[in-house]
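Input: a single structure, listed below in structure tokens.
Below, read A as the first sequence line, B as the second, and so on, with proteins coming before strands; counting in each chain starts at 1.
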Amino acid sequence: MTLNNRCTPFQKIFFLTVLTLAVILGSFLIGRYPLSLKEIFGILTSKIFSVDPFWSEQAQTVFLNIRAPRVLTGCLVGCALSAAGAAYQGVFQNPMASPDILGASSGAAFGAALALLFGADGFVVIACAFFFSLLCTGTAWLISQRTQGRQILGLILSGIVVGSLFTASTSLIKLVADPTDQLPAITYWLMGSLAGSGQVTLIFSFFVMFIGLLPLFLLRWKINVLTLGDEEAWALGVNAKRMRLIIVFCASLITAAAVSISGIIGWVGLVVPHMARRLVGNNYRYLMPASMLIGAAFLPLVDDVARNMLSSEIPIGVLTAFIGAPFFLYLITAKGDVA
Amino acid sequence: MTLNVEHLSFSYNDRAILDDISFHLPQGTLTAILGANGVGKSTLFKCVLGLLTDYDGKITINDIETKNLPAQQLASLAAYIPQSHDTAFNFSVFDMVLMGTTARLKGFRVPSEEQTKITLQALEKLNITFLKNRDYKRISGGERQLVLIARALAQKANVLIMDEPTANLDYGNSLRVLKQMRFLADQGYTILFSTHSPDHVFLYADRVLALSKQKIRADGKPKEIITSDLIRTLYGVDVAIESLHNDKIRCCIPQNGIL
């Protein structure tokens, strides 16, 4: 705590940036096929300058086609889920909000299950999950426009309702899926994994997330004002309804991109923003970048464990729950405010 | 900065809340609104602040019609000071006041040195600089009210709308907040506030609007219009108005069998 009080938020953000870069670099090294720093440096520079390869062909393939895309996808997914979680908590004025509050995960799960049922694989599954995730949050939003009373409550309730309809539909798909190959594929997808990441998914997620993350970063100060409620925000010069639409849209977009690539990875979007709150406080000016950075370090780190701890890979969604849930218990019982 | 309301009428689901209300507040006046619960004081505020726009009539601040102004433009004309409240998240007092500067921040900008200076000046003006680094959630109700006033000052709007600024405050804090309001009005702020205490109106306000049954029943200097008849019309209770210290002060004494 003394360190916490001695540094300015700016220094903390800088420290987190360094930490995230270190985690990325470290994650490049470890794996079933270990790579050395020198090899990685060589492979990277050979893309720009001509360097005589002192590394094996295999090392280059592992790094460029498997290791780097996976680690970087993990960064993006972690960053997106954390930023979305922080954003939702702000606009819903609720510290317990997480990225799947509007049913983004339920929608993605349904989309992926549907695609797997029809024998699709690879990018088709991702595209289908992405589409249904957006459809789910979009439907929740449209219904909330017709609810009476407080708009936020209406939005949360319609998110729960639409989400549970999609979850029920997913169960139905599991029921009719072929138990020898389709059902396991669906079940594994639902547990979450970054194993499917490749260069294509990395490029897809980078573009979609850039579109969503940039406004969230730029509008972070306005989220502070939104946490005070619609009327106060309006009187302070922020059109709450419009601003919330923009922020919920961006957060839903990046959540959809994240869960469609990685499957259901729970807890990250709830726990990481709270870690960031402990570190830099509730001012979104620092909270948003801190959440993004911690998320971008946290998920590759957990994925390192997921792919290296046992001889077979552990689904990352299982691990984040095992790490996230106890950590959250610590947060809510430790000294100081939850929010 | 003047606030002008002309022929304002508002109804909700065919039920009239405000009916043909007109008043003009010149710069630097501290004006109180008296009226029973549910008489439409909050509705009037919401119309002035642009939170409700489906009203008939015309509201102008400094000759600018406010009805369809965007939030940011309106916020640089009029500031709203809610009752001291709790927030979903804990912010430092400094950040809370800094949020007032949002009204004049363009686009994607975040507050910088200039806004920091404005915030410190606002805190200084209300003598609460010592609260700067405290948590908003951990200060008293009276301190919160002063912080919210400071936030309105940081907003640099000249019309201040205050919703029962002394509600939930103890006796001392009520008087401290009212004193600050008087001080700000003397500095040129145009302040409109709602209250349930005629005594406070006698002590500090330049003017009072008495609202009853959708209309303004009386409008003028407190000593001239607050009478036992008016109090009976507004609240349905009998009081005697006592004059003290050669009529420097007046106060209401309830007549429910005590005297």
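Gln155(B) places a side-chain N or O within donor-acceptor distance of the main-chain N or O of Ala235(A), the cut-off being under 3.5 Å. A distance-only check finds a donor-acceptor pair linking the side chain of Lys222(A) to the backbone of Gly107(B) [under 3.5 Å]. The backbone N or O of Phe91(B) lies less than 3.5 Å from no partner atom in the side chain of Asn282(A), so there is not a single donor-acceptor pair.
Interface remark: Thr87(B) contributes side-chain atoms only to the contact with chain A (heavy atom separation under 4.5 Å). Using a 4.5 Å cut-off between heavy atoms, Ile81(B) does not touch chain A at all. Heavy atoms of Ile161(B) lying under 4.5 Å from chain A are absent altogether. Interface remark: Ala78(B) contributes backbone atoms only to the contact with chain A (heavy atom separation under 4.5 Å). Within the 4.5 angstrom heavy-atom criterion, only side-chain atoms of Arg151(B), from C-beta onward, approach chain A.
Taking a 6.0 Å sphere around CZ of Phe23(B), one finds it holds more than 12 heavy atoms contributed by other residues, nucleotides or ligands. More than 12 heavy atoms of other shown residues, nucleotides or ligands fall within 6.0 angstrom of atom CZ in Phe183(B). Within 6.0 Å of atom CZ in Phe10(A), 12 or fewer heavy atoms from other residues, nucleotides or ligands are found, so the atom counts as exposed in its surroundings. Taking a 6.0 Å sphere around NZ of Lys156(B), one finds it holds 12 or fewer heavy atoms contributed by other residues, nucleotides or ligands. For Gln145(A), the CD atom sits in a packed shell: over 12 heavy atoms of surrounding residues, nucleotides or ligands are nearer than 6.0 Å. Within 6.0 Å of atom CD in Gln11(A), more than 12 heavy atoms from other residues, nucleotides or ligands are found, so the atom counts as buried in its surroundings.
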Trace of the side-chain contact (heavy atoms from CB on, under 4.5 Å) decision for Asn224(A) with Phe89(B)
CA-CA 9 Å; Asn224(A) 281 336; Phe89(B) 297 99; over 6 Å; no
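Using a 4.5 Å heavy-atom threshold, the side chains of Leu74(B) and Trp234(A) count as touching. Taking 4.5 Å as the limit, every side-chain heavy atom of Gln72(B) sits out of range of all side-chain heavy atoms of Val238(A). Residues Arg109(B) and Trp221(A) form no side-chain contact, since every pair of their non-hydrogen atoms from C-beta on lies 4.5 Å or further apart. The shortest distance between side-chain heavy atoms of Met96(B) and Leu228(A) falls below 4.5 Å. Side-chain atoms of Leu236(A) and Tyr80(B), non-hydrogen and from C-beta on, never get closer than 4.5 Å to each other.
Top candidate by heavy-atom pairs under 4.5 Å with chain B, chosen from Arg242(A), Glu232(A), Arg285(A), Gln93(A), is Glu232(A). Of the residues considered (Gly50(B), Ala157(B), Ser92(B), Gly100(B)), Gly50(B) shows the highest number of contacts with chain A, using heavy-atom pairs under 4.5 Å.
Along residues 26-38 of chain B, no residue comes nearer than 4.5 angstrom to chain A, judged on non-hydrogen atoms.
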